[in-house]
Amino acid sequence: MSGISDTERMITLKTVEGTLFDVKSSIAKDLKTVQAFIDDSDDDVTSPIPLPNVFTRELSRILDYLNNHHRFRSGIEKADEEMARYDAEFAKSMSHEELKALILAANYLNVKDLLEFLNQTVADVIQNKSVEFVRNFFGIENDYTPEEEEKLRNENEWAFNGVEQD
Amino acid sequence: MFVEGRMSNNEECKEMKRTKSDEWEVVEWCNLPGDLLSRIASYLELIDFLSFRSVCKEWLIPPSEYNPSGRELWFLLYGEGSQCSFLKLGSQSPNSERLYTVNFPELDGATCLASYLGWLLLVQEGAMFFFCPFSRAKIDLPDCPFTDLSEHVAAFSADPTCQDCVVVVVSRKSEVELELHLLRRGNKEWHKHCHRCVRSTLNTVSGAAFSEEKFQFLDADDGLVTFNADGKSSKSWANYRIVNHGSSKDVETLEYHVRKNMFGVLNMGQRLGFRGGEDDVVSISICGTMILGIQWLHILRNDSVILSETIVPDQQHVALARQIKGVWIQPRYVQVPPGLTW
């Protein structure tokens with residue numbers, strides 16, 4: 001389809017469940033994995049691009065994030081505050097299972113800004129918390145033997161004092 | 001924006017990985033891909049990184065993959081046996097300042113000559129060594145020719161695990177001469193270099209760093225002397241005066257800021273819990289450092305050399321004062337490959 005500018009071109013993505021999403025090519029650029037696929041294809045990509053590792057819930061969230069951030073960036077001033085508020089809500093709205101699924105999807109699709117934000121969000125949870133808290137929060141089982149764990153703690157025992165148990 | 005296509009029946013959402021046999025596999029937090037874990041860990045401060053490694057075996061990230069983007073500033077107070085105070089200065093998040101009490105036998109009776117890249121260069125009973133207090137890594141140096149180090153300042157050019165690390169120790173030998181001792185990694189002997197230099201050019205050396213391929217020595221009066229250790233240039237030494245702003249063509253740009261009196265500026269006495277007054281008189285001998293810029297700390301936002309200084313109490317209290325030592329340091333968790341020697 002000649003005569004149509006890049007920003008108007010639509011890309012169709014297909015999730016694991018088979019749901020189709022029409023995405024503006026300007027948004028698709030932020031999905032670096034998808035963009036690389038498009039760049040590598042010789043013909044114009046018209047058929048839906050299948051994403052074997054991405055589920056509908058995650059793609060929907062990612063596109064929501066990107067659409068909003070594009071809107072904030074291209075709008076008038078004062079968008080920084082709105083964007084910060086959106087980001088905070090976005091992070092809060094997810095359980096940690098959903099957060100994990102989203103990080104994996106964002107990692108697979110290589111969505112740089114979102115991935116940074118999500119990594120920071122996880123780091124914020126871990127910050128100043130005890131090892132036990134982190135395990136409980138993320139549902140991780142301790143697979144160290146008592147001796148191994150003792151050894152690790154002893155290496156830097158001083159560092160484990162004064163950490164919130166909450 | 002979202003087109004409704006064929007919807008699947010939303011059963012329990014399992015993450016699917018295309019393995020060779022197309023098996024279903026659930027990805028848990030504990031087995032996130034390694035590079036993702038390293039990236040998450042890089043958002044953590046050192047203390048949290050240490051906790052992170054203890055959560056489960058999969059989260060035991062090799063320290064070499066911990067590349068924090070944020071920067072921290074710590075202060076180590078020592079000099080009274082092996083019991084030390086280790087202060088982590090607070091960053092942007094509230095209440096993140098912490099004072100730890102740590103036992104470092106390596107610091108018992110030791111004096112710190114330099115601090116850089118998370119490593120301290122120490123002298124203890126005639127032996128010289130590198131020590132990283134965060135990981136307790138230690139690298140011994142060959143014989144140290146120095147007996148009295150009260151007037152000496154040192155610097156090193158790179159991480160001591162690097163092949164070509166060079167150590168220099170500098171002092172003012174007389175009113176007209178600076179004396180520099182140099183040790184290259186791999187050589188067992190120190191080499192001596194002298195520089196005719198009067199006090200008006202460089203007073204008592206209170207700072208040493210390595211920047212732009214040269215060693216830099218500073219005093220507290222804007223004097224700067226540089227030394228090129230590669231032995232290739234005909235002129236190893238150069239004298240400078242640090243000015244704010246110069247219009248003449250003889251002005252070069254300094255790649256770092258020089259910070260004096262940081263102990264007072266950052267109100268460290270209070271942070272370290274010194275009560276002040278007659279019953280808590282201290283004299284602190286503080287080793288400076290070269291730090292990489294710290295975004296959240298306005299006065300140290302740029303790469304800076306923090307000058308060494310000595311905090312002395314009032315004249316009348318000098319005799320009673322506790323003699324302690326301090327050093328500024330930025331954390332790194334370095335591990336030394338087994339068998340590494342100098």
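The chains referred to below are lettered A, B, ... by the order of the sequence lines, with proteins before strands, and numbering in each begins at 1. Since the structure is predicted, the reported quantities are computational estimates derived from the model, not experimental observations.
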**OP:** Please step through salt bridge (Lys or Arg N to Asp or Glu O under 4.0 Å) for the pair A:E116 and B:R39, ending with a clear verdict.
**Re:** CA-CA 9 Å; A:E116 269 176 33; B:R39 254 181 283 157; over 6 Å; no
Original post:
Between B:W29 and A:H96, does a side-chain contact (heavy atoms from CB on, under 4.5 Å) hold up when you go through it step by step?
Top reply: CA-CA 9 Å; B:W29 278 108; A:H96 75 83; 3.0 Å; yes
**OP:** Applying side-chain contact (heavy atoms from CB on, under 4.5 Å), run through A:I126 and B:F52 and close with a yes or a no.
**Re:** CA-CA 8 Å; A:I126 295 173; B:F52 186 90; 3.8 Å; yes
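With rounding to the nearest 0.5 angstrom, the CG atom of B:L32 is 8.0 Å from the CD1 atom of A:I140. Here B:S135 contributes atom OG and A:E155 contributes atom CD; the two are 9.5 Å apart, rounded to the nearest 0.5 Å. Expressed to the nearest 0.5 Å, how far NZ of A:K100 lies from SG of B:C30 amounts to 8.5 Å. Distance check, rounded to the nearest 0.5 Å: CG of B:D35 to CG of A:N107 gives 5.5 Å. Distance check, rounded to the nearest 0.5 Å: CD1 of B:I47 to CD of A:Q127 gives 12.0 Å.
Counting non-hydrogen atoms of other residues, nucleotides and ligands closer than 6.0 Å to NZ of A:K151 gives a total of 12 or fewer.
With a threshold of 4.5 angstrom between heavy atoms, B:S42 does not approach chain A through any atom at all. At a 4.5 Å heavy-atom cutoff, B:F49 makes no contact with chain A through either its backbone or its side chain.
When the heavy atoms of residues 53-61 of chain B are compared with those of chain A, the residues falling under 4.5 Å are B:R53, B:S54, B:V55, B:C56, B:K57, B:E58, B:W59, B:L60, listed by number.
Under the 30°/60° scheme for interplanar angles, the aromatic rings of B:F86 and A:W158 are found to be tilted.
Within the 4.5 Å cutoff, the side chain of B:L36 has heavy atoms near those of the A:L115 side chain.
Checked against side chain to side chain contact (heavy atoms under 4.5 Å, CB included), B:C287 has the following partners two or more places apart in sequence or in another chain: B:C112, B:V327.
Just one residue in the list A:V131, A:N156, A:V134 forms a side chain to side chain contact (heavy atoms under 4.5 Å, CB included) with B:S51, and that residue is A:V131.
No side-chain donor-acceptor contact under 3.5 Å links A:N119 to the backbone of B:Y43.
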